[in-house]
Each structure stands twice: as C-alpha cells, then as structure tokens.
Amino acid sequence: MIRPSALRVEDRVIFAGQAHTVVAFSGTTMRLLSDAGETTVVALSYLLAAEDFELIGAAPAPRVESVGLLEAMPEHVVAAAREWERHLVELETGLPPGAAADARPRPEYDPMTQTMAAREKAKAAELTAAGSKTGVRTVQRMRARYRDQGLWGLVDTRSARAAKPTGHVDERVVAAAATVVAAQIGTSTGTRSRAIRQIRELLDDEHGPGVVELPSQATCYRLLEVLSKGRHTFGSAVTRRQTANKPPRPYTATTAARPGEQVQLDATPLDVMAVMDDGVTGRAELVLSIDIATRTICSGVLRPVGARRSTRRCCWRGRRSRSRCDRGGTRPWRWLRRGSRTSVWSRWTLGWRWRPPNR
C-alpha cells in the first residue's frame, strides 16, 4: 500500500473496492469519481484511514522551488509568475492563496459544482477580460508546468537566457577575430581597422573570397572589444606581452598546512592623518604579514600611504627575527629604526616601544 505525502486532482486511488479519480477538493473533503461514473464525497482523513486505500497513479510532485534562480530574475518577471500562481491555485482549489478561513469559492471556480474543464474555460475568459489574451490551451499548459516545476515553471524563461558576449555574429567570423587578436601579442600595436582587414583576409583564405559576409564596422568594433578585453590588444605592447606571459591561475584556492608555508601581506589605509619628519601631513597605512595556516599576525609596519619600498623587507625581517628577539637579542630589531626613515616610525608608533625580555 502506498501512503502518499499529498493527494492532488487527477490522482488515481483505490477506495471501497473500486478505482476512483480525485476530481475536486473542498477544505478537508474531496470528491471522487469512480470508473462507473458514480461520485463520492469523502473526508480526507477517512479516505486515508480506509483499509483498502491505495494510490495507483499520481502526477509527479512539484520540484523544489528554485529560489536562487528566482532571485536572479527581474522583479517584473517574478511578479508575473506569482500572479499566474495565484490564478492556478484558485483554479485547483477554488480559493486564491491567502484567502480568509471563512471565504467561499466563486461560483465559476467552485470544485464542488464545476468540472476542471469548466474552471479552465472560466479562468481563460477572466484573464482575457482583464486585458491579457489567454486561451484555454495556455491555461492548461501553465497548469501542467506548475505541477511539474513549481513556480519556476511559470517564469518567462526568455529573461533567463544567458546573453552571448559576441551576440549573433557568425561563428566563423568570431573564430577568425579570435585568431587575429591572439596574433597581436608579438606584433606592434595596431588599430582596429587593421585588425578588421586581417579578419577579412583570413576569412577569404579559409572559406573563399566573399563566402563569409563580414558584419558592419560598428559590430566588428564591438566584437574586437569583447575578444580583447583584459588583453591590451590595442594598448601598450609591453603590457600586452606581460599579460600574455603570465602563468594561468590555479583552479582551486591555495591552502597552507604548516606554519610559514604561506604568508600574505595585507595593507589597510587608516582614516587618520600623520605628520612626517619633514612636516608634511599624509594618511597612515597599516601593513601586516599574516600566516595563512595559523591565522596569526607575524609582524606589522605602519607607514605613509604609497611608501612601497621597504615594507616587504621590514615585514619579512620582523617575522623572521621575532624568535631571536624573544630570546633576548636586540640586533634583529634594527630594521625598525631603518624603517623609521621612510615610515616615520617614531611618530606613528606611540606606545609601541620594544621592551627587552626578562632574562
């Protein structure tokens, strides 16, 4: 015996020794239509408690609502889907979502007096009268999609289609443009019009003269803009070659299993003004070296914003020499005095004075 988690209209059940089809719901009661054409109104609890009750056919349960997909859709698209859901719930049960406990179904949607076909026809007429031309076939299709996919089935999927960066340009033109853009790495910086001529020549060589039609000049410019994004194809030649020579990034985040295996520098500008040794005022920036494995701060430097030189050396020396300082040595901390020449350490580190450890 199959005990369903939910019963829906058009489910097939065995009750009182006969096969029935669920045709309507009204509160906690339902109407059953036997194969012989007899109608029975029975309470849901009584039906489920019957000894011979069995579910012999059921429509697939609605899928879990795609909340993440709905959040990425425009608000007006989700609102339209919610409105369809309200109409379909009223079509199935007789009452729209959020109806009062003592509310009664409208006569044309009362499951106890109207068949599903009559209710679908009434809903199509109602939507058409409201200004949205809708046929009975559309109502049936939306009802089936709602049963199969839930709210996501009512969404206008045209808004969910991912836009192609290259638009509707011929794939042969896109491939030729990508080849021309890649060939610009080792050459001198040229213009986009030169690249378009090279695309034309490449297409003629591969497919024959005039076989592949080249889009308009404006479309070609947009295509080159998309394909050369981040590659500096029409910018500095030095930057273009440096970008091309960079190794590929790892596909997964790097991890550190041992202390000191990976140390990162983090710079945070502070919302304060400081006075340099020469009397010039400027903003302060705190640079910390952080051990990834232990999530601890190894050392730090307080410096003017933009003073890039000795920061990395100071942070690394501070991290490397901390253990020596803990043993009582003083020489490893000379880097603090050297760093003060550029980072104005003496004025920015009030109260950060080093004290020799107890011997």
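FYI, side chains are in, hydrogens and waters are out, and symmetry mates aren't considered; it's all heavy atoms of this structure.
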The side chain to side chain contact (heavy atoms under 4.5 Å, CB included) partner of V212 among L203, D204, I199 is L203

Linked hydrophobic residues, V23 as query - side chain contacts closer than 4.5 Å: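 Its cluster mates, by chain and number, are L33.
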
Donor-acceptor contact below 3.5 Å, side chain [X] vs main chain [Y]:
X: T189; Y: S236; result: no
X: R231; Y: A244; result: no
X: R119; Y: L91; result: yes
X: T134; Y: A124; result: no
X: R240; Y: T187; result: yes
X: E261; Y: A257; result: yes

Taking only residues two or more places apart in sequence, or in another chain, which ones meet [X] in a side chain to side chain donor-acceptor pair (under 3.5 Å)?
X: E225; answer: R192
X: S216; answer: T219
X: R194; answer: Q184

Can you measure from [atom1] ([X]) to [atom2] ([Y]) and round to the nearest 0.5 angstrom?
X: T40; Y: M30; atom1: OG1; atom2: CE; answer: 12.0 Å
X: D35; Y: T21; atom1: CG; atom2: OG1; answer: 6.0 Å
X: I196; Y: Q217; atom1: CD1; atom2: CD; answer: 5.5 Å
X: E38; Y: Q18; atom1: CD; atom2: CD; answer: 6.0 Å
X: L154; Y: M142; atom1: CG; atom2: CE; answer: 4.5 Å
X: I185; Y: T233; atom1: CD1; atom2: OG1; answer: 7.5 Å

Name all residues meeting the side chain to side chain contact (heavy atoms under 4.5 Å, CB included) criterion together with E108; count only those two or more places apart in sequence or in a different chain, and write none if there are none.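 For E108 the side chain to side chain contact (heavy atoms under 4.5 Å, CB included) partners, ignoring immediate neighbours, are R106, A122.
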
Report the residues that fulfil side chain to side chain contact (heavy atoms under 4.5 Å, CB included) with A43, sequence neighbours left out, ordered by chain and then residue number. S45, Y46

May I ask whether V41 and L44 are part of the same hydrophobic cluster, defined by side-chain heavy atoms of I, L, V, M, F, W, Y residues being less than 4.5 angstrom apart, directly or through others?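 No; tracing contacts between hydrophobic side chains, which count when under 4.5 Å, never links both residues.
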
Which heavy atom of P259 sits nearest a heavy atom of A293, and at what distance? N-CB, 3.9 Å

Chi angles and distances behind the side-chain contact (heavy atoms from CB on, under 4.5 Å) call for V287, R303: CA-CA 8 Å; V287 182; R303 62 170 194 177; 3.4 Å; yes

Under 6.0 Å from the CZ atom of R104, do we count more than 12 heavy atoms belonging to anything else shown? no

